[in-house]
Amino acid sequence: MKVTDIHSLRAVLFDMDGVLFDSMPYHADAWHTVMERHGLHLSREEAFLHEGRTGAATINIVYRRQYGKDATPELVEQIYAEKSAEFAKHPEPQRMEGAWELMQKVKAAGLIPVLVTGSGQASLLDRLAHSYPDTFDRAHMVTAFDVKYGKPNPEPYLMGLAKAGVAANEAIVVENAPIGVQAGVAAGIFTVAVNTGPLDGQVLLDAGANLLFPSMQAFCDNWEQLYRALNRI
Ligand code: CA
């Protein structure tokens, strides 16, 4: 997909962790700690590769690798609850540098900000209202509670389009994780990758990203140029 495939930009679909908040190192640490507690092996580095999946999907990928079968629903629930508790021990995640400034530009352009996250952590969703006030309409949010499949399935982003009432060629996706990029691309949406974590940027391009920036600040600094290109003005 090229920039010229955009019809007229109306909405920006934002992933949350690693895009709006600098929260991924805490998630990776919490995953690693809790999985080890249960005898399951997931390094912090690998946690970044699974970023964006639902908690259940991540747990079962690791469990199947070791035991050749899915974990019981009870164990999945237990591990995910412990992971959420472990995450909460970390300091409150800060806004990703450049994200606030970019959001002001998106709002000033009259575009609809839509949240599309695999997270189901009430604490971070609450934080959204504090860190990005008057930004995300409740009706324009897709979380872990809404989806059946989750990323990399296109489902969450297709739901985001539906909630905003826009077509795929009237939106862009902003993602930092390979699995999230896959989901955006599979939904037929122009997908901007911002490499805010430790992975090689090539991983995001291999996942199908249409555009790659090394940070949210770099995306923000290049917003005007991209916006003009997207709207052919
Ligand atoms: Ca993310």
Side-chain angles (χ1 to χ4, degrees), residues 12-32 42 44-58 61 80 83-84 87 90 92-100 102-103 106 113-121 123-125 127-128 131-132 135-136 141-147 149-157 159-160 171-187 189-220:
V12 181
L13 280 55
F14 288 94
D15 170 51
M16 185 169 73
D17 291 295
V19 168
L20 299 179
F21 291 106
D22 193 4
S23 46
M24 269 315 295
Y26 302 160
H27 280 293
D29 188 64
W31 271 123
H32 171 71
L42 175 69
R44 290 175 179 81
E45 292 71 27
E46 191 191 347
F48 277 92
L49 284 173
H50 294 304
E51 182 192 345
R53 290 193 203 280
T54 61
T58 301
I61 281 171
Y80 192 64
K83 186 259 168 181
S84 299
F87 177 80
H90 292 85
E92 293 207 331
Q94 300 299 303
R95 280 195 296 249
M96 188 64 76
E97 197 175 333
W100 168 265
L102 173 69
M103 196 63 77
V106 166
V114 183
L115 181 80
V116 182
T117 179
S119 178
Q121 308 215 133
S123 59
L124 208 46
L125 294 173
R127 258 191 86 62
L128 202 61
S131 297
Y132 296 90
T135 301
F136 294 101
M141 292 170 65
V142 179
T143 74
F145 302 114
D146 298 300
V147 300
Y149 303 106
K151 303 168 187 177
N153 192 287
E155 175 201 32
Y157 281 113
M159 287 180 83
I172 60 172
V173 162
V174 187
E175 264 289 352
N176 73 305
I179 284 157
V181 167
Q182 285 175 34
V185 171
I189 309 169
F190 187 91
T191 300
V192 177
V194 286
N195 192 15
T196 61
L199 302 177
D200 192 313
Q202 189 60 41
V203 176
L204 296 165
L205 293 172
D206 290 347
N210 300 102
L211 203 53
L212 173 66
F213 290 106
S215 65
M216 278 297 275
Q217 189 64 57
F219 179 24
C220 178

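Note that the structure is predicted; figures quoted are calculated from it, not measured. The figures here come from the full heavy-atom set of this structure, side chains too, leaving out hydrogens, waters and symmetry mates. Order of listing sets the numbers, starting from 1, for every ligand and every atom in it.
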> Answer yes when Arg44 and Asp29 have at least one side-chain N-carboxylate O distance shorter than 4.0 Å, and no when they do not.
yes
> Which residues pass the ring-ring contact (aromatic ring centres under 6.0 Å, His included) test with Phe213, not counting sequence neighbours?
Phe219
> I want to know whether Phe21 and Tyr132 have ring centres closer than 6.0 Å.
yes
> According to salt bridge (Lys or Arg N to Asp or Glu O under 4.0 Å), who are the partners of Asp146, at least two apart in sequence or on a separate chain?
Lys163
> What count do you get for protein N, O or S atoms closer to the Ca ion (ligand 1) than 3.0 Å?
4
> Do Asn153 and Gln182 have side-chain atoms, one donor and one acceptor, less than 3.5 Å apart?
no
> Quick one: list whatever passes ring-ring contact (aromatic ring centres under 6.0 Å, His included) with Tyr26, sequence neighbours left out.
His90
